[in-house]
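For reference, the structure discussed in these notes is given below.
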Amino acid sequence: MKHYNIGIIGGGISGIMAAYELVQHMPELEVCIFEKGNSIIDRRCPLTEDKTEKCINCASCAIMEGFGGCGSFSDGKYNFTTEFGGWLNDYIPSEKVMDLIEYMDKILIKFGATTHRYSTQTPKARELKKIALQNDLHLLQAEVKHLGTENNLMIMTNIFNYLKNKVDIRHHTEIIDIDHLNGKYLLSTVKEQFSCDYLISAVGRVGSEWFTEQCKKLKINLTNNQIDLGVRVELPYEIFSHITDEVYEAKLHYHTKKYNDLVKTFCMNPRGHVVTENTIGVLTVNGHSYSDEKLKSNYTNFALLVSNKFTSPFNEPLKYGKYIATLSNMLGDGVIVQRFGDLVKGRRTNEKRMNKSFVKPTLKSANAGDLGLVLPKRYLDNIIEMIYALDNIARGTANYDTLLYGVEVKFYSARPEINEKLETIKHPNFYAIGDGAGITRSLSQAAASGIYVARNILDKIH
Ligand SMILES: Cc1cc2nc3c(=O)[nH]c(=O)nc-3n(C[C@H](O)[C@H](O)[C@H](O)COP(=O)(O)OP(=O)(O)OC[C@H]3O[C@@H](n4cnc5c(N)ncnc54)[C@H](O)[C@@H]3O)c2cc1C
């Protein structure tokens, strides 16, 4: 059985940054990344490469799995903030999280990232904040860096080439079981076993259900997280250009008058593309944008998400989100797209109506349908109210032809009981990081959690 000093389950940004930091300071350590997906060079999605018209449920989803994690085909928006993007500051002081994010940025720059950042502190951005406030919308403050989908992939490839001779990177290696015996961790795949002294779980959203089961088996206490559910909006770029040209991505929060629920804009992609992703077996939507002018579209897309934290007796937010997404897949044979005007009128968008639309969907595989039959009334009401609120600061958001894709779900993994070092309380030397631990939901914070845990392990070893 091959033994490693440190085993990392998951080759997303959190696992990669942990591995980088470990070998940077102690190159003699034997570190292994176990990744169930493909290597970065072999990650190909038949849908995005136009080889198929709809998702064919590949054994390993190239969008979500493989070296680089689910962030590899994202457009790499790195936010410099603790205001959103995760809850690391529940464990680590905010200033320290910011230091870790800045450190991560230096690593990205070393591998080819731009140094340009968008800021919410310019006079124009402050004016936008004021106009938003006058309309009861709250513009969150953050610097953001946009790498662009094609650059993000290139940077991940550069990091892979740097790490491949320093770390064992095992692709197509899905860990199916974790055991803790005599102070060592045993990791099993369907055909092999490995052992390690220190274990880092960095499984992302895609591995969260499995990780939850492992935690239950290992008697690690779990607390459930919230769920964010909604739609992705697509509209002509000009409607939001006064905002996106200045701050790139506007994180706007709003409390609806009807229910006092929080609705927020999320993952804004100026001149981007809507994409579909396979999340734990269901098709959901997302978006990204290239930095190369030639690859840009004429539309901006962003998510509108309603946050919900369930209270007793219901305790399974993940199942709830999956259920709604399954319903949309069932009715739309995949992702549904509907014109805002049709939704408000309570009628289905069919192909004929869609053909009349001035806004043409960038996600070709989406089927025209009726989100009113998918989303619960409370979500629909919240989304419609938010669209009218946004129309006050970006006139045209509530146009008849604004497209809504459904559904977009942000599943947040249940959180294992961990201490301020992100080490499980029950099992020493077993750490949980990134989105799969339910403590982050962004590239920056996931990366920061990886660096932080690597440093904590190095401190123990020294
Ligand atoms: C399309 C898309 C666009 C996005 N855009 C942005 C953005 O612009 N900015 C931003 O901040 N965030 C964005 N996000 C979110 C961001 O990508 C995640 O927050 C981040 O990647 C989390 O990193 P992670 O390392 O925790 O997990 P992941 O990146 O999900 O990596 C986890 C890895 O673990 C592997 N794995 C899981 N289980 C096992 C197992 N049992 N054995 C072996 N391997 C396993 C998976 O295959 C995967 O590669 C986007 C996400 C998507 C899907």
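Note that this is a predicted model, so its numbers are computed, not measured. Order of listing sets the numbers, starting from 1, for every ligand and every atom in it.
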Point to revise | ligand 1-proximal atoms of L443, by part, heavy-atom distance under 4.0 Å | key: both
Point to revise | Polar proximity ligand 1 side, V206 side, N/O cut 3.5 Å exclusive | key: no
Practice item. Report, in ascending order of atom number, the atoms of ligand 1 lying under 4.0 Å from any heavy atom of G434. Key: 26 (O)
Point to revise | Min N/O separation S14 to ligand 1 under 3.5 Å | key: yes
Check your understanding: Relative to ligand 1, is I13 under 4.0 angstrom through side chain, backbone, both or neither, heavy atoms considered?
Key -> both
Exercise for review: Quick one: look up the protein heavy atom nearest atom 52 (C) of ligand 1 and list residue, atom name and how far away it is.
Suggested key: N286 ND2, 3.4 Å
Practice item. Please determine if R117 forms a cation-pi arrangement with F80, meaning its NZ or CZ atom is less than 6.0 Å from the six-membered ring centre and no more than 45° off the ring axis. Key: yes
**Study point:** Nitrogen or oxygen of E35 less than 3.5 angstrom from that of ligand 1
**Key:** yes
Exercise for review: Compute both the distance and the angle, then confirm whether R170 meets the cation-pi test with F194: under 6.0 Å from the six-membered ring centre, within 45 degrees of the axis.
Suggested key: no
Check your understanding: How does I176 reach ligand 1, if at all, at less than 4.0 Å between non-hydrogen atoms: by side chain, backbone, both, or neither?
Key -> neither
**Study point:** cation_pi(R232, F302) dist<6.0 Å, angle<=45
**Key:** no
Exercise for review: List every atom of ligand 1 that sits less than 4.0 Å from any heavy atom of G207, numbering the atoms from 1 in the order shown and giving each element.
Suggested key: 37 (C), 38 (N)
Point to revise | CG-OG1 distance between D105 and T115, expressed to the nearest 0.5 angstrom | key: 9.0 Å
**Study point:** Location of contacts on A446 toward ligand 1, heavy atoms closer than 4.0 Å
**Key:** side chain
Review point. Would one find an N or O of N79, backbone or side chain, under 3.5 Å from an N or O of ligand 1?
Key: no
Review point. Got a sec: does the NZ of K460 have more than 12 other heavy atoms crowding it under 6.0 Å?
Key: yes
Practice item. Quick one: look up the protein heavy atom nearest atom 41 (N) of ligand 1 and list residue, atom name and how far away it is. Key: I175 O, 3.0 Å
Review point. Any Lys/Arg nitrogen of K2 or E30 sitting under 4.0 Å from an Asp/Glu carboxylate oxygen of the other?
Key: yes
Practice item. List in chain and number order the residues that pass salt bridge (Lys or Arg N to Asp or Glu O under 4.0 Å) with D177, two or more places apart in sequence or in another chain; answer none if no residue qualifies. Key: K217
Check your understanding: Can you tell me the protein heavy atom closest to atom 27 (O) of ligand 1 and the distance?
Key -> G204 CA, 3.2 Å
Practice item. Measure from NZ or CZ of K251 to the centre of the six-membered ring of F266 and say whether it is under 6.0 Å with the direction within 45° of the ring axis. Key: yes
Check your understanding: Does T173 come within less than 4.0 angstrom of ligand 1, counting non-hydrogen atoms of the residue?
Key -> yes
Check your understanding: Could K96 and E420 be called an ion pair, given the rule that one side-chain N must be under 4.0 Å from one carboxylate O?
Key -> no
Practice item. Pick one of side chain, backbone, both or neither for how A202 approaches ligand 1, counting any non-hydrogen atom pair under 4.0 Å. Key: backbone
Check your understanding: Are any of the side-chain nitrogens in R271 or E238 under 4.0 Å away from the carboxylate oxygens of its partner?
Key -> no
Review point. Are there more than 12 heavy atoms of other residues, nucleotides or ligands under 6.0 Å from atom NZ of K264?
Key: yes
Point to revise | Sub-3.5 Å N/O-N/O distance, K77 and ligand 1 | key: yes
**Study point:** Electrostatic pair E408:K410 at N-O distance under 4.0 angstrom
**Key:** yes
Check your understanding: For ligand 1, is E174 a contact, meaning one of its heavy atoms is under 4.0 Å away?
Key -> yes
Exercise for review: Give the residue, atom name and distance (to 0.1 Å) of the protein heavy atom nearest atom 45 (C) of ligand 1.
Suggested key: K36 CG, 3.8 Å
Exercise for review: Return yes if some donor-acceptor pair links the side-chain N/O of N419 with the main-chain N/O of L422 below 3.5 Å, else return no.
Suggested key: yes
Review point. Atom NE2 of H427 and atom CD1 of I220: how far apart are they, to the nearest 0.5 Å?
Key: 4.5 Å
Review point. Is the NZ or CZ atom of K166 positioned over Y162's six-membered ring, under 6.0 angstrom from the centre and within 45° of the axis?
Key: yes
Check your understanding: Under 3.5 Å, N or O to N or O, is E65 touching ligand 1 that way?
Key -> no
**Study point:** Contact (N/O only, under 3.5 Å) between G436 and ligand 1
**Key:** no
Point to revise | Per-atom contacts, ligand 1 versus I9 - under 4.0 Å to a heavy atom | key: 40 (C), 42 (N), 43 (C)
Review point. N/O of S442 under 3.5 Å from N/O of ligand 1, yes or no?
Key: yes
Review point. Is it the side chain, the backbone, both or neither of D435 that has a heavy atom closer than 4.0 Å to ligand 1?
Key: both
**Study point:** T82 side, atom OG1; E95 side, atom CD - distance, nearest 0.5 Å
**Key:** 8.5 Å
Review point. What part of F67, side chain, backbone, both or neither, has a heavy atom within less than 4.0 angstrom of ligand 1?
Key: neither
Practice item. Considering only non-hydrogen protein atoms, determine which one is nearest to atom 50 (C) of ligand 1 and report residue, atom name and distance to 0.1 Å. Key: S74 CB, 4.1 Å
Check your understanding: Can a cation-pi geometry be assigned to K184 and Y198, taking NZ or CZ under 6.0 Å from the six-membered ring centre and within 45° of the ring axis?
Key -> no
Review point. Against heavy atoms of G12, which atoms of ligand 1 measure under 4.0 Å?
Key: 25 (O), 29 (O), 31 (O), 33 (C)
Check your understanding: Tell me, which protein residue and heavy-atom name are nearest atom 36 (N) of ligand 1, and how many Å apart are they?
Key -> V203 O, 3.9 Å
Check your understanding: So which bit of R441 gets within less than 4.0 Å of ligand 1, heavy atoms only: side chain, backbone, both or neither?
Key -> backbone
Point to revise | Pick from G68, C70, G69, S208: the one approaching atom 21 (O) of ligand 1 most closely through a non-hydrogen atom | key: C70
Check your understanding: What distance separates H180 NE2 from N429 CG, expressed to the nearest 0.5 Å?
Key -> 7.0 Å
Exercise for review: Could you tell me which atoms of ligand 1, counted from 1 in the order shown, lie closer than 4.0 angstrom to a heavy atom of E277?
Suggested key: 1 (C), 52 (C), 53 (C)
Practice item. Could you tell me the residue and atom name of the protein heavy atom closest to atom 34 (O) of ligand 1, and the distance to it rounded to 0.1 Å? Key: G10 CA, 3.2 Å
**Study point:** atom 14 (N) of ligand 1 touched by protein (heavy atom, under 4.0 Å)
**Key:** no
Exercise for review: Among Q445, M17, E21, find the one that has a side-chain contact (heavy atoms from CB on, under 4.5 Å) with M104.
Suggested key: M17
Check your understanding: If we only count N/O pairs under 3.5 Å, is G15 in contact with ligand 1?
Key -> no
